[in-house]
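A, B, ... follow the sequence lines: proteins, then strands. Residue 1 opens every chain.
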Protein chains: 2
Amino acid sequence: MGRVSIKDIAGKTGVSTATVSLVLNGKDKCGRISEALSEKIRETAKSMNYKPNGFAKALRSGRSETIGLVVADISNPFFAHLAFHIQEHADGYGYSVIITNTNESTEKMEKRVAILKCRQVDGFIVVPTENGNRCIEELHENNIPVVLLDRYFPEMPSHYVGVSNFHASLEATEYLLTLGCRKIALFTYKTTLRHAQERRDGYVAALASRNLYDSRLIKEVNHSTITEDINRSVQELISGQNEIDGIFFTTNTISSIGLKKLREMQVHVPNDIKVICFDKSESFAFSNIPFVQQPIAEMGRQAVDIIVEQIRDRNQSPVHVELKTELIV
Amino acid sequence: MGRVSIKDIAGKTGVSTATVSLVLNGKDKCGRISEALSEKIRETAKSMNYKPNGFAKALRSGRSETIGLVVADISNPFFAHLAFHIQEHADGYGYSVIITNTNESTEKMEKRVAILKCRQVDGFIVVPTENGNRCIEELHENNIPVVLLDRYFPEMPSHYVGVSNFHASLEATEYLLTLGCRKIALFTYKTTLRHAQERRDGYVAALASRNLYDSRLIKEVNHSTITEDINRSVQELISGQNEIDGIFFTTNTISSIGLKKLREMQVHVPNDIKVICFDKSESFAFSNIPFVQQPIAEMGRQAVDIIVEQIRDRNQSPVHVELKTELIV
DNA sequence: ATAATTTAATTAATCGATTTAGCAAAATTT
DNA sequence: AAATTTTGCTAAATCGATTAATTAAATTAT
């Protein structure tokens, strides 16, 4: 009734478990098992519907063939797609992926990473939270392979896959400028995470070079009060005397909320105001809003490639992959 | 350098591994270990930063404290949210969740389930594909706990959590009728999956009772050619002589594509045509389109509760949970 | 015919934790 | 004082698979 083990096969075939293991792992040639016996064992294994016990294997080998994926929010389409591609690609290497959420909470991230450590994942792909560096450092200290994804900590050497945020942001802002915008607001998270700062810097660079930079047009929102923050800031900007003519939303979540608020206020995009966003969002299926497209599939693929490489051979010097984005107008 | 094992603690404390295990599992009382020794062991364990090896535990106990979640597409927000809630709730029970995709392919579903079986997940939560019944039956035969989610196979008794599709659909269609619609089209998948049929049946029932049923207004789309199918059918319906005044899109994916096509054709919702959808979608953040809201968090919670219950005590008679939806207008 | 080599399979240790049965020593009862 | 019970701890088997070391048999070489 219970699972079929290698012992059952050995019993039925009248050989030792070692022989069965050798054959079933294709090591019968160097273990020199006769072809006839090999065939017989393979057949009984199949007929008994033998499935190797992953834990026994993992316990023995110390490798779980599992990658831990730690993301900020699996219900965010950007991360969901990323997770999808990571899983698909990991599959090709024979790796399973355990996905886990942090909700942008460092505390939760630490807890989840600890759990995955107990489960002996072979490596981590992590979209770190703000202040998550300590947690990542610990993984480094334990010599556990990690790849950071989407975000990174500049002061800490680490494998990383992301996009050229500064350039993407510069390009996006310049696009609004070419449309004739002169007073462009920026919506971004209030965070020390470098990727967010890069996006801000790109925006600043584009405006500053034309003497259009105005710090009052930068709106920082908190993750925990995101909707209220955005609604308030949009309200302020639109009804204030600032007369803005463009907005750059730097993430898909911010875009969704911001666009909804604009609509509620009867501000029409792009007639009344031009908008550009980082990441696509379903919320502008209708308005053909231009956006910065990240190569999600490629990001996932590279992250998996790097982590698998790491697992096979640790202690390689940190790889820093910065992929190009595309401006979709 | 390597992991700290129970043996290391035993060595350092000068006791046997049995004692350490007993203490660390809180069985020191019935194993009758002296309080002083217990304390000493707990301290060294902490100071050595001991983390139990999950595989050894799982191998010994036969339980992995892991639930396999098999969904059709993690990048679909409906499933992503479901996955999110399942994970959150499973966490409370100390279970990890391995999420895996099937892309609506039965073949892939079988492969993924097989992989998870090897990893000895304690139970499965599955959003099955069409023709996935054979795969589920096999799990039943192996006496592995399963809960079907969102979809089920009526001929096969099984634990299941879903919504009252027929009633939701009836209600949605009737809502369009109260808005004055008389020629309402239905967009649904061409599938034998019962939940889809229930949605169709609800629509049919609402119209048939008013003698408004017209089979030509039912548009079935294939999963693999969904965009073309929807675009073609929308085109046909709008430009044809059928003069439809309402559309019911029965899933969020179908809604997104259909609404986009309508917009491209310059058909305005709800002025030119009324629309109602199953599930919310970002794509109608702007148009306030009415929709059938499923209790996603509750679905996830119930699925976890049932599977955990099952793992603890198999062979309970199948629980069939049908949750209520809410019409959001 | 004997020694050396090759082939074919097995034994037993191991991974890390759990758990049952059982041994001594101490405490209690008779 | 002897018998019994309780207390405190350990030895060893076990989960399922892998693998180095070893043995036994068959083959080839001398």
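Between the P atom of D/dT7 and the CD atom of B/Glu35 lies a distance of 15 Å, rounded to the nearest Å. B/Leu24 places its CG atom 9 Å from the P atom of C/dA17, with the value rounded to the nearest Å. Rounded to an integer number of Å, the gap from CZ of B/Phe55 to P of C/dA17 is 12 Å. Here the P atom of nucleotide C/dT20 and the CD1 atom of B/Ile33 are 14 Å apart, to the nearest Å. Taking atom NZ of residue A/Lys27 and atom C1' of nucleotide C/dT10, one finds them 17 Å apart after rounding to whole Å. Atom NZ of A/Lys51 is separated from atom C1' of D/dC15 by 20 Å (rounded to the nearest Å). In this structure, CG of B/Leu59 is placed 9 Å from C1' of D/dA17, rounded to the nearest angstrom. When rounded to the nearest whole Å, the span between NZ of B/Lys7 and P of C/dA13 equals 13 Å.
For C/dA17, one of the phosphate oxygens OP1 or OP2 lies less than 4.0 angstrom from a side-chain nitrogen or oxygen of B/Tyr50. Residue A/Ser16 has a polar side-chain atom (N or O) positioned under 4.0 Å from OP1 or OP2 of C/dT10. Within the 4.0 Å cut-off from OP1 or OP2 of D/dC9, at least one side-chain nitrogen or oxygen of B/Ser34 is found.
A donor-acceptor contact under 3.5 angstrom links the side chains of B/Asp28 and B/Ser38, judged on distance only.
When the side chain to side chain donor-acceptor pair (under 3.5 Å) test is applied to B/Ser16, the partners found at least two apart in sequence or on another chain are B/Thr19. Remark: B/Lys111 pairs with no residue by the side chain to side chain contact (heavy atoms under 4.5 Å, CB included) rule, at least two apart or across chains.
With C/dT19, C/dA9, D/dG16 as the choices, the nucleotide that has an atom nearest any side-chain atom of A/Leu37 turns out to be C/dA9. Nearest to the side chain of B/Arg32, among C/dA17, D/dC9, C/dA9, sits D/dC9. In this structure, of C/dT10, D/dC9, D/dA12, it is D/dA12 that holds the atom nearest to the side chain of B/Ala18.
The shortest side-chain heavy-atom distance between B/Tyr95 and B/Val304 does not fall under the 4.5 Å cut-off. For the pair B/Val4 and B/Asn49, the minimum side-chain heavy-atom distance is 4.5 Å or more.
Note on B/Ser21: a base of the nucleic acid sits closer than 4.0 angstrom, heavy atoms only. Among the atoms of the strands shown, only primed sugar atoms or phosphate atoms (P, OP1, OP2) are found under 4.0 Å from some heavy atom of A/Val15.
Of the two residues near DNA chain C, A/Thr17 and B/Thr17, the one whose nearest nucleotide lies more 5' is A/Thr17.
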